[in-house]
Amino acid sequence: MNMELRLTNSVIRSWHPMDADSLAAHADNPKIWKNVRDVFPQPYTQQDAIRWIQLARSQVPETHFAIAVDGAAVGAIGFVLKKDVYRRSAEVGYWLGEDYWGRGIVAEALRALTDYAFASHDLCRIYAGVFEWNTASMRVLEKAGYSFEARLRKAVTKDNMTADEFVYATIRE
């Protein structure tokens, strides 16, 4: 299955094996790594990119996608469907290569992915956790229609720093 959402300046689409070079080039950035979970490698190698693309392509349902500009994968966006009593919730995550920051690409992609997730799955809540220093991501979430819900004090430890996590969410009845 190949998903594709055409946006103003980018496309959200399924990952392709040919994305590995571009993925590795854009993901190998300490400024990105400092704002994502530790499972995201640093340095980010070609082999890491190949592994990620294989994993994303094998998932059913497909929930992890490339953000592409002019055909090149320059970021990622996706969601994790929760289980058990949380089965109508999903956690969203995203990152974008530094060369593309400040252009509104992620806010537009997040709005489109949110609509896609609600339309494709029986969800009533989509949320994201943001490290306290990542004010740019907080602005992205707000621009995409997410609301601040909670400050989880000393909830995350990244790069030997323990910090608060801010939770943003959007709800559909």
Side-chain angles (χ1 to χ4, degrees), residues 1-7 9-83 86 89-110 112-114 116-117 120-121 126-138 140-141 144 155-163 165-166 168:
M1 176 177 166
N2 281 325
M3 190 279 269
E4 184 174 282
L5 300 173
R6 295 197 169 273
L7 308 175
N9 296 309
S10 67
V11 175
I12 300 171
R13 62 164 173 75
S14 299
W15 286 100
H16 303 298
M18 65 186 185
D19 291 328
D21 289 341
S22 185
L23 171 57
H26 290 285
D28 188 29
N29 182 334
K31 292 178 185 175
I32 293 169
W33 174 82
K34 107 176 194 191
N35 291 307
V36 296
R37 298 214 174 136
D38 285 342
V39 70
F40 193 96
Q42 178 58 38
Y44 199 106
T45 67
Q46 176 85 8
Q47 198 57 40
D48 294 321
I50 291 167
R51 265 194 302 274
W52 171 251
I53 291 167
Q54 288 171 341
L55 175 69
R57 288 176 56 86
S58 70
Q59 290 187 322
V60 178
E62 182 182 25
T63 59
H64 296 288
F65 307 102
I67 299 173
V69 175
D70 297 327
V74 299
I77 191 164
F79 55 96
V80 176
L81 297 167
K82 298 301 177 173
K83 297 179 189 306
Y86 304 103
S89 293
E91 182 178 15
V92 70
Y94 48 83
W95 66 267
L96 186 68
E98 186 175 5
D99 293 345
Y100 298 88
W101 292 358
R103 300 185 191 181
I105 292 171
V106 177
E108 184 184 33
L110 181 56
L113 184 78
T114 299
Y116 170 82
S120 303
H121 302 278
I126 302 175
Y127 68 95
V130 182
F131 303 155
E132 69 179 69
W133 56 77
N134 193 353
T135 55
S137 190
M138 293 176 203
V140 162
L141 286 156
V156 297
T157 302
K158 180 70 180 188
D159 200 20
N160 296 318
M161 292 177 21
T162 299
E165 180 182 34
F166 289 67
Y168 286 77

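Numbers for residues simply follow the sequence, beginning at 1.
Judged by distance alone, the side chain of S58 and the main-chain N or O of L55 form a donor-acceptor pair under 3.5 Å. A donor-acceptor pair under 3.5 Å links the side-chain atoms of S14 to the main chain of M3, judged by distance alone. No side-chain donor-acceptor contact under 3.5 Å links T63 to the backbone of V80.
In terms of heavy-atom proximity, A66 sits nearest to A73 at CB-CB, 4.1 Å. Closest of all the heavy-atom pairs between A72 and S22 is CB-OG, 3.8 Å. When all heavy atoms of G75 and W15 are compared, the closest pair comes out as O-CH2, 3.5 Å. Minimum interatomic distance between E165 and G129 (heavy atoms only, all atoms of both residues): OE2-CA, 3.2 Å. Closest approach of F131 to M138, counting heavy atoms only: O-CE, 3.6 Å. For V130 against S137, the heavy-atom pair with the smallest separation is CG1-CB, 3.9 Å.
In this structure, CH2 on W101 lies 6.0 Å from NZ on K31, to the nearest 0.5 angstrom. The distance from atom CE of M18 to atom CG of L23, rounded to the nearest 0.5 Å, is 13.0 Å. Within the model, atoms CG of D28 and CD of Q46 stand 11.0 Å from one another, a figure rounded to the nearest 0.5 Å.
Contact of the I67 side chain with the Y100 side chain is not registered, since no non-hydrogen atoms from C-beta on lie closer than 4.5 Å. Q42 has its side chain within reach of P30: a pair of non-hydrogen atoms, C-beta onward, lies under 4.5 Å apart. Contact check for F166 versus L141: no side-chain heavy atoms found under the 4.5 Å cut-off. Side-chain contact check for Y94 versus V140: some heavy-atom pair is nearer than 4.5 Å. A heavy-atom distance below 4.5 Å is found between the side chains of I12 and L7. Residues L81 and P61 are in side-chain contact: their nearest non-hydrogen atoms beyond the backbone lie under 4.5 Å apart. With a 4.5 Å cut-off on side-chain heavy atoms, W133 and N35 count as touching.
Between D19 and R13, at least one side-chain nitrogen of the basic residue sits less than 4.0 Å from a carboxylate oxygen of the acidic one, meeting the salt-bridge criterion.
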Run the side chain to side chain contact (heavy atoms under 4.5 Å, CB included) test on N29 and W95 for me, step by step, so that the C-alpha distance in whole Å, both residues' side-chain angles and the decisive distance to 0.1 Å come before the verdict. CA-CA 11 Å; N29 182 334; W95 66 267; over 6 Å; no
Starting from the C-alpha separation in whole Å, work towards a yes-or-no answer on side chain to side chain contact (heavy atoms under 4.5 Å, CB included) for I77 and H64. CA-CA 6 Å; I77 191 164; H64 296 288; over 6 Å; no
Step by step, would you call D99 with H26 a side chain to side chain contact (heavy atoms under 4.5 Å, CB included)? CA-CA 8 Å; D99 293 345; H26 290 285; 4.3 Å; yes
Go through the steps to decide whether H16 and I53 satisfy the test side chain to side chain contact (heavy atoms under 4.5 Å, CB included), and finish with yes or no. CA-CA 7 Å; H16 303 298; I53 291 167; over 6 Å; no
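When the side chain to side chain donor-acceptor pair (under 3.5 Å) test is applied to N9, no partner is found at least two apart in sequence or on another chain.
Atom CZ of R51 is surrounded by more than 12 heavy atoms from other residues, nucleotides or ligands within 6.0 Å.
The side-chain tip of K158 points at the ring of W33 from less than 6.0 angstrom away and within 45° of straight on.
Inspection of the D48 and T45 side chains reveals an N or O donor paired with an N or O acceptor under 3.5 Å.
Ring to ring, Y44 and W52 are not that close: their centroids are 6.0 angstrom or more apart.
Between F79 and H121, the ring-plane angle classifies as perpendicular under the 30° and 60° cut-offs.
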